[in-house]
Amino acid sequence: MPEKLTRAVVLGGGGSKGAYQIGVWQALRELDLDYKVVTGTSVGALNGALMAQGEFNAAWDLWWNMDNPQVMEGIPPSENKPDSRLAVYRAFVREMVQKGGLDISPLEEMIRSILDEDKLRASGVEYGIVTVDMERLTPVKMFLRDMPPGSVADYMIASASCFPAFKPRTIEKARFIDGGYYDNLPVEMATQAGPPLDEIWAVEVDGIGVRRRFKPDVPLRLVRSCWDLGNFLLFERDQCRRNIRLGYWDAMKEAGRCDGRAYAFPAGEAARFRLRHGERFAALYQKLLEPMEEKTRSLLERTVRARFRQKLGPRRQGEDLLLLAAETAGELLGLDPARQYTMEEFNAALGEKIQVERDRRGDRDITLDSLPGEEAGAAETLKALGKELALLTVMENLAQLLQGEEPLLRPELLALALPRELMASLYLLIL
C-alpha cells in the first residue's frame with residue numbers, strides 16, 4: 001500500500017491542453033495517491049474543482065468528448081484538417097471583432113451542471129484559484145473558504161477568462177481575467193493552503209502565461225509532456241483524447257511505474273535495453289569517433305551530447321544516451337507515444353517504420369553534388385530534407401563509415417546539422 005502523505009496537486013493553465021491533467025488524475029487514482037490541497041489557474045482551476053469534488057467520471061466524460069461548440073458559442077467543431085481549422089480561425093476572428101471576445105457560456109453551463117458547491121465545501125480538500133483584477137492589474141488568489149456561497153463557479157470562470165480571446169468575468173462590479181497573467185502554475189499558493197505538505201504534484205501543460213519560480217521545502221514532482229499538446233484554443237476531440245493518454249503515462253513515469261521519457265515502457269525495461277543493446281551501441285559510438293583527430297573528436301562528442309540533450313529536454317535520473325537515442329528514433333519515425341511498449345514491440349515498430357520510409361523514398365539519394373558547397377549551406381539543406389529522409393540519409397552515411405568505406409557526408413557535418421538523427425541512426429543500426 002502507498003504511504004499516506006499529505007499531498008497537494010497543482011494544475012497549470014493551458015486551455016484545451018487541460019485534457020492532459022485528466023490523464024494524470026487517472027494515474028493518481030490507480031496509484032491510490034490522494035490529496036488534501038488542489039490549486040489551479042485557468043483550465044487548471046476548472047479541473048481542480050472537479051478533482052477537489054471527486055467528480056472523476058464526469059471530468060473524464062467531459063474531456064473525452066470535448067469539442068469547440070461545448071466550450072465557445074459560435075465556433076464550429078474542429079477536425080485535424082486545414083479547411084476545418086481555417087473555418088474555426090475565421091469564427092474566432094468574427095466573434096472577437098463583433099462581440100469583443102469569445103463567449104464561453106457553453107463551458108460555463110457544463111461546469112455549473114457538474115459543480116456541486118455544497119459537496120465541494122464538504123470534501124475536506126483545500127481548493128484555491130488564481131485570477132487577476134483587470135482594472136487594478138493585481139493578482140487575486142482565493143481559497144474556497146474565501147469565496148462567498150454561490151460564487152465558486154464565477155471565480156472558476158474568472159480564472160479561465162483568457163483576455164482578449166475570452167471576455168472578462170464580472171463579479172460584484174469587478175472584472176477579472178485569466179490568472180495565468182500572474183501565476184500559471186500556483187505551486188507557492190499550495191504551500192499556503194494550511195495543512196503542512198509532504199509532497200506536491202505539479203502538472204504543467206505549457207499554457208501561455210507567467211511561470212513564477214518557487215522552490216518548496218517539500219518534494220516537488222513535476223509532470224510535463226515532452227510532446228506538443230496542441231493549440232490551446234482548439235478543442236479537437238482526437239487531440240484531447242491523445243492528451244489524456246499522454247498525461248496518464250507521464251504520471252506513471254513520475255511515480256516510477258514506467259520507464260522512459262518520450263515513450264512509456266514497463267518498469268525495468270530501461271535496464272533490458274541496456275543489457276541487450278548497451279555494449280554494441282557504445283562500441284558503434286566509439287567506432288564513429290576513432291578515425292577523427294583528438295580535437296575534432298572532442299568537439300564532435302560535446303556538440304552531439306549538448307545538442308542532443310537540448311533537443312530532448314533535461315535528462316531524467318536513471319536515463320542514459322542509449323534509451324534517449326532509441327526514443328529519438330521513435331520520435332523521428334512517428335511512433336505513437338500514447339501507449340506503452342515493451343522493448344521488442346518498440347524495436348519491431350521502428351523496423352516497420354524504417355521499411356515504410358525506404359519504400360517511400362525510392363531511388364532518391366542525397367549526395368555531395370546535391371548539397372551547397374559551403375558547409376553552413378549544406379547543414380541547412382540537410383535540416384530541410386524532412387525528418388524521415390534526413391534520418392535515412394544519416395543512417396546510410398554512418399553505415400558506410402562503420403563498414404570502413406568513405407561516406408558521402410562527413411560525420412562532423414552530420415553531427416552539427418542533425419545531432420538527433422545521428423544518435424537515432426546509431427541505435428537503428430544495431431537492430
Side-chain angles (χ1 to χ4, degrees), residues 5-14 18 20-22 24-26 28-29 33-60 62-63 107-108 110-133 139-161 169 171-172 176 178-180 182-205 207 209 212 214 216 218 220-221 223 247 251:
L5 303 176
T6 302
R7 186 176 293 106
V9 176
V10 181
L11 304 176
Y20 180 85
Q21 297 166 351
I22 304 305
V24 176
W25 187 8
Q26 178 191 4
L28 293 178
R29 283 166 54 87
L33 300 181
D34 62 0
Y35 42 85
K36 294 298 183 183
V37 176
V38 178
T39 60
T41 296
S42 195
V43 72
L46 304 182
N47 285 336
L50 301 181
M51 284 192 73
Q53 189 177 316
E55 297 290 350
F56 175 76
N57 290 335
W60 175 278
L62 172 68
W63 281 103
L107 176 63
E108 181 177 352
M110 225 173 359
I111 292 296
R112 289 186 184 276
S113 69
I114 299 173
L115 181 68
D116 184 336
E117 189 170 319
D118 291 336
K119 185 177 179 180
L120 177 62
R121 293 184 184 276
S123 68
V125 176
E126 294 287 348
Y127 165 69
I129 63 100
V130 180
T131 183
V132 173
D133 187 311
V140 178
K141 296 187 288 185
M142 297 187 71
F143 286 102
L144 182 62
R145 57 180 178 262
D146 304 317
M147 302 177 194
S151 67
V152 176
D154 288 317
Y155 280 108
M156 289 165 55
I157 299 298
S159 180
S161 297
R169 166 63 58 165
I171 305 175
E172 296 181 355
F176 297 93
D178 199 295
Y182 174 74
D183 190 353
N184 208 41
L185 191 67
V187 174
E188 184 177 10
M189 185 181 182
T191 66
Q192 301 166 347
L197 300 175
D198 298 310
E199 183 178 79
I200 299 173
W201 281 64
V203 187
E204 169 68 85
V205 292
R212 294 192 174 273
F214 176 75
V218 297
L220 174 64
R221 294 178 175 271
V223 184

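The chain is numbered in sequence order, starting from 1.
A salt bridge is defined here as a Lys NZ or Arg NE, NH1 or NH2 lying under 4.0 Å from an Asp or Glu carboxylate O, and D178 with R169 fails to meet this definition.
Pairs of residues two or more places apart, or lying in two chains, never qualify as salt bridge (Lys or Arg N to Asp or Glu O under 4.0 Å) while including a residue from residues 35-54. The stretch residues 122-132 participates, sequence neighbours left out, in these side chain to side chain donor-acceptor pair (under 3.5 Å) pairs: E126-R145.
Annotation: side chain of I200 is in contact with side chain of T191 (closest heavy-atom distance under 4.5 Å). Taking the side chain as every heavy atom from C-beta outward, V130 and K141 approach each other to under 4.5 Å. Side-chain contact between L197 and T6: present, with at least one pair of heavy atoms (C-beta onward) separated by less than 4.5 Å. No side-chain heavy atom of E108 sits under 4.5 Å from any side-chain heavy atom of I111.
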Could you check D34 against R7 for side chain to side chain contact (heavy atoms under 4.5 Å, CB included), going step by step and ending with a plain yes or no?
CA-CA 7 Å; D34 62 0; R7 186 176 293 106; 3.6 Å; yes

When you look at M189 and D183, which way does the side chain to side chain contact (heavy atoms under 4.5 Å, CB included) test go after all the steps? CA-CA 10 Å; M189 185 181 182; D183 190 353; 5.9 Å; no

Practice task
Dump the intermediate steps for side chain to side chain contact (heavy atoms under 4.5 Å, CB included) on L220 and F214, then the final yes or no.
Solution key: CA-CA 10 Å; L220 174 64; F214 176 75; over 6 Å; no

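Every residue meeting the salt bridge (charged side-chain N to carboxylate O under 4.0 Å, His left out) condition with E117, not counting sequence neighbours, appears here in chain and number order: R121. R212 is linked by a salt bridge (charged side-chain N to carboxylate O under 4.0 Å, His left out) to nothing, counting only residues two or more places apart in sequence or in another chain. Residues meeting the side-chain hydrogen bond (donor to acceptor under 3.5 Å, both in side chains) test with Y182, sequence neighbours left out: none.
A donor-acceptor pair under 3.5 Å is absent between the side-chain atoms of N184 and the main chain of G12, judged by distance alone. Remark: the backbone N or O of M156 is not paired with any side-chain donor or acceptor of S159 at under 3.5 angstrom. Judged by distance alone, with hydrogens and angles left aside, the side-chain atoms of S161 form a donor-acceptor pair with the main-chain N or O of I157 at under 3.5 Å.
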Taking only distance into account, with no hydrogens and no angle test, what donor-acceptor pairs under 3.5 Å do side-chain atoms of residues 44-60 form with protein atoms, sequence neighbours excluded?
from : atom 1 : to   : atom 2 : distance (Å)
N47  : OD1    : W63  : NE1    : 2.9
N47  : ND2    : G18  : O      : 3.1
N47  : ND2    : Q21  : OE1    : 2.9
Q53  : OE1    : D116 : N      : 2.9
Q53  : NE2    : E55  : OE2    : 2.9
Q53  : NE2    : I114 : O      : 3.2
E55  : OE2    : K119 : NZ     : 2.9

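Within the model, atoms CD1 of I129 and OG1 of T39 stand 10.5 Å from one another, a figure rounded to the nearest 0.5 Å.
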